Structures are given as C-alpha cells and as structure tokens.
Chemist: 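Below: one structure in structure tokens.
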Number of protein chains: 2
Amino acid sequence: MINQPVFDRMVRKLARRAPLDEADREALISLPFKTKVFAPSSYLVREGTPSEDCTLILNGFTYRQKLTQGGGRQILSVHIPGDFVDLEGSLLNVSDHNLQALTVCEVAAIPRKAVRTLIDTHPRIARALWVDTLIDGSIFREWILNVGRRDSKERVAHLLCEFAKRLALAGLGDEHGYTLPMTQEQLADCTGLTPVHVNRTLKALDAAGVIVRSGRSVSIPDWQRLRDVAGFSELYLHLDQAA
Amino acid sequence: MINQPVFDRMVRKLARRAPLDEADREALISLPFKTKVFAPSSYLVREGTPSEDCTLILNGFTYRQKLTQGGGRQILSVHIPGDFVDLEGSLLNVSDHNLQALTVCEVAAIPRKAVRTLIDTHPRIARALWVDTLIDGSIFREWILNVGRRDSKERVAHLLCEFAKRLALAGLGDEHGYTLPMTQEQLADCTGLTPVHVNRTLKALDAAGVIVRSGRSVSIPDWQRLRDVAGFSELYLHLDQAA
DNA sequence: CGGTACGTTGAGATCGGTCAAAGGTTGTGG
DNA sequence: CCACAACCTTTGACCGATCTCAACGTACCG
C-alpha cells in the first residue's frame, strides 16, 4: 500500500486504456521503485544507451529530444506527471533519443526487469501499456503533420491546444489557461522554428486576441477561436481511451 | 498450412522482434484472413473510422497520411511488404489518420477480433507486435526531426537512406540502389516540401554525384557519402531487433 | 495519336532565419 | 534587501531557403 498515493494517478490512467482487475491494480501498486530527482535539463536517458529502469513521472515535466549532425535540436514530445516515459527502454535494446528534464523532476525508477515480468504475467496490464504507447505514436504522427505542413501561427497554436488538453486531463490546468514551464527556445525546438520567430508568433497570437500571455502562463479567452487558428482536432489524443 | 507462404515473411520478421516458439508460429500461420487488392491511392482506412480488420501487406506499398485544415497533406510513414499496418486498429477505437495504397497493393485482412484473441492468449506474440509498434514509433520520431530540423538536401537524402535500409532488409533492394515507386509530389508530402523543390533537390543531389537517377530508380554510387549528406544513423531503425 | 499525369525550369515573392543589441526577470550571495 | 549575474524575451534590419505561379517538356496508356 505504500506506493498507493504515488502510483495512484498512473493506475487510474492505465485503467482507462484497458480494463484492469483488482489483481492488476495490486501488481501495479506493488512495483518496486526508487524515487529520484533530476535537475532541469539533466539527462534521464541518452541516445544509444540501454536503460536499466523504466521511468514514471511523479512531479515535473520531461521531454524527448534528438539532434541533427549540425547541432539542430528537435523536441519530440513533452511528458507530464503520470506519464510513463521510456517504456521503450524495457523492450528495445538501446534508446534512439535523449530524455531530458524540463523542470525539476521527481520520478519513480522501476527496474526494467520488474516491468518485463509484469507484462509477461499480466496481459491486461500489457494491453493497457501497449495502448499507451499507441497513443504516444498517434501524438508523434500529429507532430510530424504540425512541423511538416502547418505555418508558424498554426504550429504554435496547435502546440498550445495540445498542452491545454493534456494538462486539463491530468488536472493541471484547464481550457481557460495554464502555466507552461517552457522557454521560447524550447517551444522553438518543439515546432521546428527559431526562438526569435516563436517570440514574434506568440506576440502575433496575443495581438490577435487568440491568447493572453503573462510571463509563462497562457490564458485562452476563446478556446474555439484558438482551435480554429490551430486547426486542432483532438481525435489524435484518443481521449475516449485516455480520459 | 495454407497460409504459410503468404505469412512467412511476417512470421520471420516478428520472430526477430521477440522469441517465438512453435505454438506461436502455428497460431500466427493459422490466423484467418481474406486477401484483398487495392488500387493505387485508394483508401484502406479513413481517419475517424474504426477498422474491422488488421492489415498485413503481402505485395506493394502503402502510406499513412493526414491533412491540415488548409488541405496540406503530410505523409507519416511508408509501408512495405511484411509490415502490419493498422495494428492500432485492433486496440484503438478509431483511426487518427488515413491509410492509402501507394502502388497496387495486395493485403491480408485479418479480423480485428482474431488479432485481439491472439494477443490475449499468446504473450510472446503480443510482445513481438508491441516491439513492432515501438520501432514504428522510433521512425515517427526520426521523421519529426527530419521535417523539423533538416534542410531540404539533408531531408531528401535521409528519406532515401531510410528507404534503402528498409528495402534491403525486406530483400527488395540494396545499398547500391532501388526502385522507388513514389512521385515527386509524394516525396514532397513525406518531407514537408513542395514538389517543385523536391525536384530541384533531387537534381542537386544528382549533380553533386550523391545519387544517380533514372526514372524512378535511384542508384547510390557511394553509400557513405549519402549517409554523410543526410546525417543518417541507422540506430533509430533498431536493426538489432528488426533484422 | 491524343490525353493525362508527371517532371523540369524560370522569375519573382514570402515566410521564417540570422545577427546583433537592448530590455526584463529571476535567483543568489553579500 | 540590494546588486549583480545569468538567463530569457523582445525588437530591428537584413538575408536567403523555400514557395508560388506558370509554362513547357516528356512518358506512358488506351
């Protein structure tokens, strides 16, 4: 029972991805783990290395990231409390990307072995985790579209929409606004733009009344308007299996 | 045994993703299916719809695709014989993207139900399929990087590298060249460029001696050179678990 | 042999990038 | 509680990679 408060959010999330029975919940709650804390921008996993542990975010935010040969950085996804990051680590031999802390970050590190045993012995949990990675995949696809075919306003607005939805789902904000712990440089790395242009784009969205900024918090006076600007459809978040 | 020749390539591929025993192979080979043929550019799955079947490509190529509100099209992935496409279809309620035939395409349509039963009763197969979707995810991540942070030459060259590797792996070409059944417009939709610019980029790569084109086949006089131009590293293909 | 789809080329426009500097904010140590 | 440093944001001027538009060339197919 000791893990319960810590893993509670994760168990509830997984239970929505696939039905779990009492034994499944027990098994999840009894997973062995060590709590670790990471400073902002420290690495949790590095490209090309195997990972010993599977990481569950308890507090704070992380992101996945890759570099081009020329040093260009692209952020691939942003993760919030309750997310398993590096579930791949349990099944793939080496990591194909870097995993970095966005904010100060408290995580539960679960031994890779324990995860593999869990999924071998609990098919419903395996199913739920698999659905989780499929939804991750869907979000990656949307990001390819975002970065490949939307102009800068749509791109930034779309990212803001996604964060709004996901944070609301995790109980960390709502559709009226939220605090985004990202610098404009990081937003640029999410969208494939430069920091300077992200700045101008945010300013333009603000000037158009689509968002209102103060510091790093964003408020959204008219959600429908932001959606329209972004061309946002939440289908890809598979909320029926995520919420 | 009737399925054997048809499913053979798929079984061999999965067995590399996770160890399978004789019973697993039997179960895979005995999956019920219907063969279907799709004409180029016909839809196998449409965004927003559930899919009744899980699709295994026997011959030909398919691609996943999404549109922006403005009608911009982004290709998200390209699939070759032996690939399961729309495995998501078995676990997610509705599709978040379109699946289209690139060439004439012969597929095995396996009922969604049969797939779900299979994965519930065969944990090793479930594991192999899961690893398959994880590798798909890794490729999506690389595409985000490609489209987000590489310039047009790197982007096109990277795509050509990926196809070379994947086709070679499937026995459909090698590192000296292959035939790419895509129009320049489709290449543009893969890379987030315009067809005109893809044309100029291919011309430039050809002029620089990095590739040699004739019609739709590409030959690669110096693989290392193409890799360098693209900044290609095959780590993300997880060949140790794919090959 | 004509049509349709695809590839190629040129000229000019534009969105977003680059470079550089100034203005804010935050946190820390004295 | 101030002062400074580090980091982040904002702004302007200019640049250039890629897009747009439009025409022409080419290959395949019925």
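Protein chains get the first letters and strands the later ones, always in sequence-line order, with residue 1 at the start of each. The basis for the numbers below is simple: all heavy atoms, side chains too, and nothing from hydrogens, waters or symmetry mates. Just so we're clear, the structure is a prediction, and the values are computed from it rather than from any experiment.
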Chemist: To the side chain of Asn199(A), which of dC19(D), dT18(C), dT10(D) is closest?
Modeler: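 Of all the options, the side chain of Asn199(A) is nearest to dT10(D).
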Chemist: Rounded to the nearest 0.5 Å, what separation is found between the CG atom of Leu87(A) and the SG atom of Cys54(A)?
Modeler: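 Interatomic distance, Leu87(A) CG to Cys54(A) SG, rounded to 0.5 Å: 5.0 Å.
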Chemist: Does Ser152(B) put a side-chain nitrogen or oxygen below 4.0 Å from OP1 or OP2 of dA17(D)?
Modeler: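 Answer is no, no contact under 4.0 Å.
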Chemist: Would you classify Arg155(B) as touching base, sugar-phosphate or nothing, given that sugar-phosphate means primed atoms plus P, OP1 and OP2, and contacts are heavy atoms under 4.0 Å?
Modeler: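 Result for Arg155(B) = nothing.
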Chemist: In whole Å, what is the span from the CZ atom of Arg213(A) to the C1' atom of dC8(D)?
Modeler: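 Rounding to the nearest Å, CZ of Arg213(A) and C1' of dC8(D) are 13 Å apart.
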Chemist: Please determine if a side-chain N or O atom of Lys203(B) lies less than 4.0 Å away from the OP1 or OP2 oxygen of dT9(C).
Modeler: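 Yes, Lys203(B) has a side-chain N/O under 4.0 Å of OP1/OP2 on dT9(C).
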Chemist: Rounded to whole angstroms, how far apart are CG on Leu187(B) and P on dC6(C)?
Modeler: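 It is 12 Å, rounded to the nearest whole Å.
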Chemist: Tell me whether the rings of Phe7(B) and Phe33(B) are parallel (<30°), tilted (30 to 60°) or perpendicular (>60°).
Modeler: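 Rings of Phe7(B) and Phe33(B): tilted, 30 to 60°.
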Chemist: Between Gln184(A) and dC7(D), is there a side-chain N or O to OP1/OP2 distance below 4.0 Å?
Modeler: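 Negative; the distance criterion is not met.
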Chemist: Can you measure Glu154(B) atom CD to dA17(D) atom C1' for me and round it to whole angstrom units?
Modeler: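 Between C1' of dA17(D) and CD of Glu154(B): 13 Å.
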Chemist: Determine the contact category for Thr201(A): base if any of its heavy atoms lies under 4.0 Å from a base atom, sugar-phosphate if only primed atoms, P, OP1 or OP2 are that close, otherwise nothing.
Modeler: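 Contact class for Thr201(A): none.
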Chemist: Given dG16(C), dA13(D), dG10(C), identify the nucleotide with an atom nearest to the side chain of Val196(B).
Modeler: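 When the side chain of Val196(B) is considered, dG10(C) is the closest of dG16(C), dA13(D), dG10(C).
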Chemist: Give a yes/no on whether any side-chain N or O of Thr194(B) is located under 4.0 angstrom from OP1 or OP2 of dT18(D).
Modeler: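 It does not, given that no N or O in the side chain of Thr194(B) lies less than 4.0 Å from OP1 or OP2 of dT18(D).
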Chemist: Looking only at side-chain atoms of His197(A), point me to the closest of dT20(D), dG16(C), dA13(D).
Modeler: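 Minimum distance to the His197(A) side chain belongs to dG16(C).
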Chemist: Of all the nucleotides listed (dG16(C), dT11(D), dT20(D)), which has the minimum atom distance to the side chain of Arg200(B)?
Modeler: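 Of the options given, the side chain of Arg200(B) lies nearest dT20(D).
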Chemist: What is the distance, to the nearest angstrom, from the CE atom on Met182(B) to the P atom on dC6(C)?
Modeler: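 Nearest whole value for this atom pair: 12 Å.
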Chemist: Which nucleotide sits closest to the side chain of Arg216(A): dC8(D), dG17(C), dG10(C)?
Modeler: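 Side chain of Arg216(A) sits closest to dC8(D).
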Chemist: Look at the side chain of Gln100(A) and the backbone N and O of Tyr43(A), then say whether any donor-acceptor pair between them is shorter than 3.5 Å.
Modeler: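 Not confirmed, Gln100(A) side chain does not pair with Tyr43(A) backbone.
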Chemist: Over how many whole Å does the gap from Gln186(A) atom CD to dT9(D) atom C1' extend?
Modeler: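 Going from CD in Gln186(A) over to C1' in dT9(D) covers 14 Å.
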Chemist: Taking atom P of dC6(C) as reference, at what distance in whole Å does atom CG of Asp189(B) sit?
Modeler: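 It works out to 12 Å between those atoms.
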Chemist: Among residues at least two apart in sequence or on other chains, which ones pass salt bridge (charged side-chain N to carboxylate O under 4.0 Å, His left out) with Asp83(B)?
Modeler: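 So Asp83(B) forms a salt bridge (charged side-chain N to carboxylate O under 4.0 Å, His left out) with Lys13(B), Arg166(B).
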Chemist: Which residue, Leu202(A) or Arg149(A), contacts DNA chain D at a nucleotide closer to its 5' end, judged by nearest heavy atom?
Modeler: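 Result of the comparison: Leu202(A).
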Chemist: Return the value, rounded to whole Å, for the distance between atom CG of Asp206(A) and atom P of dT11(D).
Modeler: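 Interatomic distance, CG of Asp206(A) to P of dT11(D): 11 Å.
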Chemist: Any side-chain N or O of Arg150(B) under 4.0 Å from OP1/OP2 of dA17(D)?
Modeler: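 Indeed not, no polar side-chain atom of Arg150(B) lies that close.
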Chemist: Look at the side chain of Leu193(A) and decide which nucleotide, out of dA20(C), dG7(C), dG17(C), has an atom nearest to it.
Modeler: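 Among the listed nucleotides, the one closest to the side chain of Leu193(A) is dG17(C).
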Chemist: Nearest to the Thr183(B) side chain among dC8(D), dT18(D), dC6(C), which nucleotide is it?
Modeler: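 Shortest atom-to-atom distance from the side chain points to dC6(C).
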Chemist: Please determine, by modelled atom types, if Glu142(A) and Asn146(A) share a side-chain donor-acceptor pair under 3.5 angstrom.
Modeler: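 No pair is found: no donor N or O on one side chain lies under 3.5 Å from an acceptor on the other.
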Chemist: Quick check: Tyr236(A) with His158(A) (ring centres under 6.0 Å apart)?
Modeler: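 Aromatic pair counts; centres sit under 6.0 Å.
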Chemist: Would you kindly give the CG-to-C1' distance between Leu180(A) and dC8(D), to the nearest whole Å?
Modeler: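 It works out to 14 Å between those atoms.
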